[in-house]
Structure formats: C-alpha cells, structure tokens
There are 2 protein chains.
Amino acid sequence: MNMKKEIRVLGIDDSPFDKFRDSYVTVVGVFFRGGSYADGVVSTKVRVDGLNSTSKLAEMVNRSRFRSQLKCVFIDGLNMAGFNVIDIHRLNALIGIPVIVVVRRKPDIDNIKSVLKKLGMDRKIRLLDKAGPPVKAGKVFIQCAGMTVEKAAELVKLTATHSFIPEPVRVAHLIGAALVNGESKGNA
Amino acid sequence: MNMKKEIRVLGIDDSPFDKFRDSYVTVVGVFFRGGSYADGVVSTKVRVDGLNSTSKLAEMVNRSRFRSQLKCVFIDGLNMAGFNVIDIHRLNALIGIPVIVVVRRKPDIDNIKSVLKKLGMDRKIRLLDKAGPPVKAGKVFIQCAGMTVEKAAELVKLTATHSFIPEPVRVAHLIGAALVNGESKGNA
C-alpha cells in the first residue's frame, strides 16, 4: 500500500464539561495533511449523555468542504460528552469514510457496561459490542469501521508525528480544552 | 543570531462576530514550536469595540504555563473585535515578551483613523500612531514592540512554514472561524 504522507485526515475530540451544569458539549474536528499541518477546523455540539453523537459527527463531516478528500476520521474514544456513545459502523456508512477510534489506554469495557446498565442505557451497551474490541496498534488501542485494523494501524503510525496519537486528535484535544478552561493541559 | 527552529511562539487571532448582536468576541492563542507543531491553545474574550484587548491579552499570556519559554507573540492585526485597538508597547511591557503584529495587506491607516474619529475614539487613534507604521517583511507587513524589525522579520520567516504568515496565527485563525461558523474558511 502506497500512502502519501500528505493525505487529508480529520481528528475529533470533545471538550471537557461540567456534568452537573452543561447540557451540550462542543466537539472539535481538525483537518490535517498527514501528521504535518492543520488546514481546517470544524465544530459541532452534542448532548451530554445523549444519543446524537453519531448523527452530529456525520453532519459535521458531510457539510465540510474537505469531505471528498478525506482518507479517514480519527476519534478520541467511543464516547463523546459523557456517554453519548458513537456507532462507528453507522458513522462510517453515513459519511462513506473509514472511522478509527484511538485511545491511549485500553478502556475498561466491563466497567463502562456496568455503568450504562445502572443508568438504564442498554442500547449503548449494544453499540459498545458492535464497535468490536479495542486492538493494540503501536502504543495505542484502536477500533475501526470501514477499514482493516492493519491499514488503520498504518494511518495511526503515519499521522502520530509528535506523540503516540494522530496529530489532528492531539490538536483537537488542545483546542477543546482551551475553549472551556482558557488553557489546554495534558494529553488527548 | 542563532535561532533554534523549535523556539516556542504564540499566535493570536480573534474570531468573526456579528457587530449588531455580539458584545464579546473569543480570542484564540496557539502555542507553536517554531513553524512546526502546536503544543498548546489558550483563549479569552474581549469586548467588541472596547478598550480591554491589551489587558486581556496580557492576562492570557501571563497565566499560561508556557509564558517563561515564549520568544515572541504574533498578533493578526492591531485591532481585536472590531476597534478594540491593542497598545503593543504596553502589551510588551505587561508580558515582558516581544510583540509582532503581522498582516497580509498593508492596512489603510488613514481610513481607520477617519472611522475612529467619526466614532469619537480619539484615544485609539493615538494607539495606532504609537504602534508605528507597518513595515514590509517578506510578503507581509509587520509592526513590533520589544524587538527590532530585522529580528521580527526573521521570526516571521522562520515560522511561516505553510503560508506567508506564522503558523500559530494561521491555526488560531482556523480555530476562531470554526468556533463561530462551525467551519473555518479562507485565510488569516
């Protein structure tokens, strides 16, 4: 597989929020050429613990002027805004572009499921199962839709130029944190 | 002068706003290592056509964890949020770091002054004069405080790796536009 270094990719992360106060959370997407530089930023809002992350992310990607050139979408975790769980296979179908979830630490799926169970969010448990188990790729764990794990791992490696996670996700995280706290801290 | 390529710099831009509706405008700052990659984002709000841009930018820089390592602050124009004119010499004194204003096109100072005159904002006309005339540096125009024009021009050249303006300013512009419109368009 011959992958150009300047392929266009999108990285998505949500911003921090106050679960006792906020109903909506801003989600930031950053377009990158490979792992090299940002050439666009998009944003949307999703409901805290809601069900609309998949459709909101699809809208955000589909209305973007870069959509036709996108090779993949990286997302920092399967949940946005608390437990607004993303259906990555449906997202892949809605946007027609491979979706790769990237996390630094292996998520404790059993624990998340037991919390969702207590909250009566059984539908979301099925979305977790549907996403498939997180697979180790380099120093991170990934889940993907619309692309093989091998190709997804290559794209992570190609774009993770300044940390273990793809640059657009790292920068989306910096932006999300700064919007809420006035300054970004820590890692995606 | 031996300038390391990975020096830490900050680029600042304001976001678009609706002058009939908005009282405050979000201002975004992006920390970069040279013209290479972002390693932090900060934000603040300034009043539309207000007088507080200098103090708000100083606070934003001074509370940042990267402040002690900053080599310069690039700003996209002398005005934030309409006519909230920055006093770049006072800003330089408040933060102890050189300030470089970078614009693509030579501003029509006489026109800006006549608008300020009509609005009764004579204090701001003095700030424009105090900033000194914009000087051509490569493809852009700069004004600076706390640094010679020659050194400032070198820093612009070093950090303008993907356009004619420093990377942190270009990315701050993308972020500001996306926050307001959902997507960034055009250039800083």
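The structure displayed is predicted, hence computed values, not measured ones. By convention in this document, chain letters (A, B, ...) are assigned in the order of the sequence lines, proteins followed by strands, and residues within each chain are numbered from 1.
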Item to check | Cationic N near anionic O, under 4.0 Å, E154(B) to K157(B) | outcome: no

Checklist entry - Which pair of heavy atoms, one from A137(B) and one from A153(B), lies closest together, and at what distance? => result CB-CB, 3.9 Å

Item to check | Top of T44(A), L179(A), V171(A) for chain B proximity - count of heavy-atom pairs under 4.5 angstrom | outcome: L179(A)

Next on the checklist: Under a 4.5 Å cutoff for heavy-atom pairs, which residue among R33(A), K45(A), M60(A), R63(A) has the most contacts with chain B?
Outcome noted: R63(A)

Item to check | Salt bridge flag under 4.0 Å for residues D129(A) and K113(A) | outcome: yes

Checklist entry - When the ring planes of F66(A) and F31(A) are compared, do they come out parallel, tilted or perpendicular, using 30° and 60° as the limits? => result perpendicular

Checklist outcome for this item: Of the listed T26(B), V41(B), D39(B), the one with the largest count of heavy-atom pairs under 4.5 Å with chain A is V41(B)

Item to check | Option that, when pairs with chain B are counted at under 4.5 Å, heavy atom only, ranks first among T161(A), V42(A), V180(A) | outcome: V42(A)

